[in-house]
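Note on naming: letters A, B, ... go to the chains in the order of the sequence lines (proteins, then strands), and numbering restarts at 1 for each one. All values below come from the heavy atoms of this structure, side chains included, with hydrogens, waters and symmetry mates left out.
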Number of protein chains: 2
Amino acid sequence: MAVEAQAGKTDTRARLVEAARGLFLKQGYAATGIAQILKEADARSGSLYYFFPTKEDLLLAVLEQYKELLWPLVIQPVFDRVSDPMERIFGVLDGYRRMLLMTECAQGCPIGNLALEVAESHPAARTLIAENFDGWKQAIEQCLDDLDGRLPADVDRKSLASFVLTVMEGGIMQARAYRDSAPFEQGVAQLRDYFDRILDDGSNWSKG
Amino acid sequence: MAVEAQAGKTDTRARLVEAARGLFLKQGYAATGIAQILKEADARSGSLYYFFPTKEDLLLAVLEQYKELLWPLVIQPVFDRVSDPMERIFGVLDGYRRMLLMTECAQGCPIGNLALEVAESHPAARTLIAENFDGWKQAIEQCLDDLDGRLPADVDRKSLASFVLTVMEGGIMQARAYRDSAPFEQGVAQLRDYFDRILDDGSNWSKG
DNA sequence: GACCCTCTTGATCGGTCGCTCAACACAGGG
DNA sequence: CCCTGTGTTGAGCGACCGATCAAGAGGGTC
């Protein structure tokens, strides 16, 4: 019994979203033409506009897919490999470092790119971008909660999770501007230093 | 004696750069058409292409102007108002917060926007973006140097200045994605907390 | 006045943009 | 066999893209 078609009737829609996702990531939204997406997906314009009334709807589908891929592709693999909550946070960050290295700092966070490019002009996309950030921060927040007593009670976990995202996105931006992963890595190191200073480890450190 | 022309012979070039600067900031580089720039600058296409062989050359001129405007517009006003090196750093950051508030979080850091949009596809622009970041970080680094003894000797000032930029850019990105300045403000607050923990103030704090 | 140089004008180029639509393929159900 | 519903095809739309260029305006100099 051969594996035949999936649940859906056609995979054209999926191919279009996949192609658009890759091209938006590499080139940005405005710089990517419909024709290029069609070529990459091996589809014809009529098919695209059958599934997506406008180019923006395709963008929304891409952002929806990012939401769906966040846990299975970004979070879960790290959580499976690492159990310590603190190391899970830095494991996720290390995943982005590896992407930077693999692409020679050409590609960064797809959500971050789109956040700055389309947030203002495409309100619906902006909402989905915010939801992507929310999902990411919730994963970090869960790690912070799992730290239990190690994190002082007066620390605002949501705010700290937001800070982790801030450092990641800012670090990636610099890495891309300099084509060098060092600014990202330094930022992560400073973030770890900050965590070390916050954490109640039951230990007093004396430096030097 | 009326004030007549400036040193240069014409201001058309300056008007074009100014118009392009504003539009690239609001809409991004790819999303801004030449025709729109011409309309905004009240110029004709021949004039533009007399000064700038291509659209990318206009982008480079915009980035050069940002380099020139950094100190007089962003750094110096804060340094004139504030003398304490630490407060100078957070004074600069507060300038960006005010921009976010004024624009309802629609506009962020012009360099950051372009960094993510054109860094990969326009190498010459990427270099100028990096130079803009360098200039910004040098201002912060100067503040760190001016802290003298308050900063432990083993702290890497370049790395810390880079971290300030990272937090700023990451914070602005989230502010724009959420159309809310809170993530930026929280990030800056965490950064201040980090500084407080790093600084040798000659004081021991016991919390609570 | 003749000449040059800087800068401006605006029609126009070929190409690409996002998008439309009538026609058609094809499987499932009656 | 026909009908319907779900996709697919590809020619082609008007608009706009970035860019070109011959012509000329206007000031400075001799």
**Asked** What are the 5'-most and 3'-most nucleotides of DNA chain C lying under 4.0 Å from any heavy atom of chain A?
**Response**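 First and last nucleotides in contact are C/dC17 to C/dC21.
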Under the salt bridge (Lys or Arg N to Asp or Glu O under 4.0 Å) definition, can you give me all pairs with a residue in [range], not counting sequence neighbours?
range: residues 100-121 of chain B; value: none
range: residues 83-94 of chain A; value: A/D84-A/R150, A/E87-A/R192, A/D94-A/R97, A/D94-A/R98
range: residues 33-45 of chain B; value: B/D42-B/R44
range: residues 158-173 of chain A; value: A/E141-A/K158

**Complete:** Footprint ends on DNA chain D, 5' to 3', for atoms under 4.0 angstrom from a heavy atom of chain A, come out as D/dT6 to D/dA11
**Asked** Are side-chain N/O atoms of A/T32 and A/Q36 paired as donor and acceptor at under 3.5 Å?
**Response** no
**Message:** Can a side-chain donor-acceptor contact be found between A/S159 and B/Q190 if the only test is distance below 3.5 angstrom?
**Reply:** yes
Could you go through residues 124-138 of chain A and list every donor-acceptor pair under 3.5 Å that involves a side-chain atom there, pairing it with any protein atom two or more places apart or in another chain?
| residue | atom | partner | partner atom | Å |
| --- | --- | --- | --- | --- |
| A/R126 | NE | B/A177 | O | 2.7 |
| A/T127 | OG1 | A/P123 | O | 3.3 |
| A/E131 | OE1 | A/K67 | NZ | 2.6 |
| A/N132 | OD1 | A/K67 | N | 3.2 |
| A/N132 | ND2 | A/L63 | O | 3.3 |
| A/N132 | ND2 | A/L128 | O | 2.9 |
| A/D134 | OD1 | B/Y178 | OH | 2.7 |
| A/W136 | NE1 | A/Y96 | OH | 3.0 |
| A/K137 | NZ | B/Q174 | OE1 | 2.8 |
| A/K137 | NZ | B/Y178 | OH | 3.3 |

Please name all residues satisfying ring pair (Phe, Tyr, Trp, His ring centres under 6.0 Å) with [X], sequence neighbours left out, ordered by chain then number.
X: A/Y66; result: none
X: B/Y194; result: A/Y194, B/F163
X: A/Y50; result: none

**Message:** Salt bridge check, B/E18 against B/R15: does any charged N sit closer than 4.0 Å to a carboxylate O?
**Reply:**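 Looking at B/R15 and B/E18, the cut-off is not met.
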**Item:** Note, A/N113 side chain near A/L25 side chain (heavy atom, < 4.5 Å)
**Value:**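 Of all side-chain heavy-atom pairs linking A/L25 with A/N113, at least one is under 4.5 Å.
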**Message:** By the 4.0 Å heavy-atom rule, please label A/S45 as base, sugar-phosphate, or nothing.
**Reply:** base
**Request:** Please list residues of residues 47-65 of chain A whose heavy atoms come under 4.0 Å from any atom in DNA chain D, ordered by number; otherwise none.
**Result:**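 Result for residues 47-65 of chain A: A/S47, A/Y50, A/F51, sorted by number.
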**Request:** For DNA chain D, find the residues of residues 27-43 of chain B with a heavy-atom distance under 4.0 Å and give them by number; none if there aren't any.
**Result:** B/T32, B/G33, B/I34, B/A35
